Protein chains: 2
Amino acid sequence: MDKTDDRTGRRIVPDTTRRADRLPGNRYGNRPTMKDVAARAGVGLKTVSRVVNGEPGVTPDTERRVQEAIEALGFRRNDSARVLRKGRTASIGLVLEDLADPFYGPLSRAVEEVARAHGALLINGSSAEDPEREQELALALCARRVDGLVIIPAGDDHRYLEPEIKAGVATVFVDRPAGRIDADVVLSDNFGGARDGVAHLIAHGHRRIGFVGDMPRIHTAAERLRGYRAAMEDAGIPVEDAWMSLGATSPERVRQAAVDMLGGPSPVTAIFAGNNRVTVTVIRVLAGHRRPVALVGFDDIELADLLDPGVTVIAQDAAALGRTAADRLFRQLDGTLIAPERIELPTRLIMRGSGELPPAD
Amino acid sequence: MDKTDDRTGRRIVPDTTRRADRLPGNRYGNRPTMKDVAARAGVGLKTVSRVVNGEPGVTPDTERRVQEAIEALGFRRNDSARVLRKGRTASIGLVLEDLADPFYGPLSRAVEEVARAHGALLINGSSAEDPEREQELALALCARRVDGLVIIPAGDDHRYLEPEIKAGVATVFVDRPAGRIDADVVLSDNFGGARDGVAHLIAHGHRRIGFVGDMPRIHTAAERLRGYRAAMEDAGIPVEDAWMSLGATSPERVRQAAVDMLGGPSPVTAIFAGNNRVTVTVIRVLAGHRRPVALVGFDDIELADLLDPGVTVIAQDAAALGRTAADRLFRQLDGTLIAPERIELPTRLIMRGSGELPPAD
DNA sequence: CCTGCAGCTGACAACGTTGTCCAGGCTCTA
DNA sequence: TAGAGCCTGGACAACGTTGTCAGCTGCAGG
């Protein structure tokens, strides 16, 4: 009968069969090497190497014998040794902020697809927005001798990468620029997107517009704030401090910030939300608010069209960011590229209703 | 001035600085080795190794000289060579279906956190639901000599992994079981969850309940279908074929399937949606439907609580799946585990409104 | 019958690191 | 002061693969 662990509710079904017994043996648990294959096939070591790599100059008969030995022993080439000898790992590293964030999934996937097209594997890690962890990860990847690095930086000083870049590690920064270092950068037009979004609200009659954003030490957050200010200034609207929330990252604090700017002495009639997480929190606040408040969010969010009203957003193309960065990485590896560039991808305003609400006061 | 590429709208800002010139040199672009460091510090090779690895038996003065040489040369240990020598790579592989799917982000992140806690890196790849690609990826990871593999299988025959497992590669399957092979498996209780969800609809008075699911060759889809059938049978309700859609994967076909079962001769009054993607599509269909239709979806989705009505779901804990699988992986590597097990994690019914609507006919 | 050539094959070194082991110099004690 | 023991440092082999090069075979041509 099944046992059920009371605390966790897990059901545990023990298998009656036994795990294939593993010879403790030497490292890799007694994995056969080319030498073993050669011995079994009665050929030389190098001949096995030739067969494994599809090099010419092997008689069909010899090749067959080698293949049989490979089958029989379950041989698989050790890429570590290969890398050591050849100097290229055919793998690239991706350092991002948080794989669980829906914005980074498609980006990561796009990088992977490009890597795959170039026959490379992707090794990735999350920095959790911690500069130290970013550095630790990036350097660990360099120690593995990845051919290149795609980095979504958490920190703002990347001089630690200088020796690596000098040593030939291709490097591209995405989503946020590199700090104190000369490198390729692929960004969304955060400033322009935010400015357009806020201008959109202004065009619909709003003047008291709130901005809820991330910590300004994060480049994207700073740029979006700058876009907000620019749009307001262009329209000749003086911004009140109470309309801006910067650096409230936890949902609770974002919620509080939104509530405050909706209820203050000069309450906002519209909110510009600085990223997908903030947008979701603000939506929750507005859902419980008595009068309608316009909203434009940076980053598209799933189901935004099904809410009432639909959520108007400034969408950036995460997949395109990843694709562009990875493309550039491999062009660096080709030697096609000479000078680092800064590439900005445009954003797109998607109207769904929430950004077109008139001011309600 | 900036050039703007007309087609793509990209803004390209050429950097005036020049990329640090890279000596073409030998592989790794002339990376210094321990030998170089030793020469510069005027010590033996092994002494450098000792310093780098923090081994005892080095005078502070010698250590300082070595450290200085390391700094000066920008030396970084080559982990490929290290791995070759030591036999452990301190990295694990994750083969999943699609990183861009919001369900797998948290799972992947959870695996990464556990790996990190064990000092291991995560190498991952997407199978794109293609069994061949899954195999290709898994074997490529084995060639890199990852210490272990966490696999979300796309295929249903994993005998190709037998030599690897025998050779000592720890292996855990998540979300779906392994095929024709004896291995650890961590699953959600797909059958029970679906049965509970459908029973929930029945308890609210529904009898004509539709099921929109994925291809039954996918284990989770088959189990959820089985749960649906079980709940209906328990309630003594005969299921009509027109109420079930299996294997419609594209949004268009799912949409059509939903429309069909809502408009047929005996139209359903409630729908059970088999996964997050299907749920979203069904929500879109129901949003345009004239009479209210109850809905329960498998997998939680973001913003589900903000829709009107809120979406009732059977939630599984993706992070817990990943965490449990990774834990087990490392316990295999410890040698703590003997026999493969099948672990099922419970699901949770979250009531938000859509599943509590009464039948409208 | 010998030479030359082409096509296969294998011996060997090298990649950069770590584990083993020994040498040399020091201190401490008898 | 001599011997024992400890501490530090270095020489060397090995990990599994690939690149280089030379040897071997068989065959065509002189």
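Below, chain A is the first sequence line, B the second, and so on; all start at residue 1. Computed from a prediction, not measured in an experiment: that's the story for all the values here.
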task = Rounded to the nearest angstrom, tell me the gap between atom CE in Met34(B) and atom C1' in dC15(C).
result = 14 Å

task = Would you mind reading off the distance between Arg85(A) atom CZ and dT17(C) atom C1', rounded to a whole angstrom?
result = 15 Å

May I ask you to say what [X] touches in the nucleic acid, namely base, sugar-phosphate or nothing, with a heavy-atom cut-off under 4.0 Å?
| X | result |
| --- | --- |
| Asn53(B) | sugar-phosphate |
| Arg77(A) | sugar-phosphate |
| Val52(B) | nothing |

note = Contacts of Thr59(A) and Glu55(B) projected onto DNA chain C by closest heavy atom; the upstream (5') one is Thr59(A)

Residue that, paired with Ile151(B), satisfies side chain to side chain contact (heavy atoms under 4.5 Å, CB included) out of Leu161(B), Leu137(B), Val172(B) = Leu161(B)

key: Closest-nucleotide 5' rank along DNA chain D - winner of Lys35(A) and Arg50(A)   = Lys35(A)

Nearest to side-chain heavy atoms of [X], which nucleotide of [options]:
| X | options | result |
| --- | --- | --- |
| Leu45(B) | dT18(C), dG9(D), dG16(D) | dT18(C) |
| Lys86(B) | dT18(C), dG16(D), dT17(D) | dT18(C) |
| Leu84(A) | dG16(C), dT17(C), dG19(C) | dG16(C) |

query = Quick one: do Asp61(A) and Arg65(A) make a salt bridge, cutoff under 4.0 Å?
reply = yes

Presence of salt bridge, Arg116(B) and Glu112(B), under 4.0 angstrom = no

message = When you measure from the side chain of Arg176(B) to the backbone of Pro153(B), do you find a donor-acceptor pair of N or O atoms at a distance under 3.5 Å?
response = yes

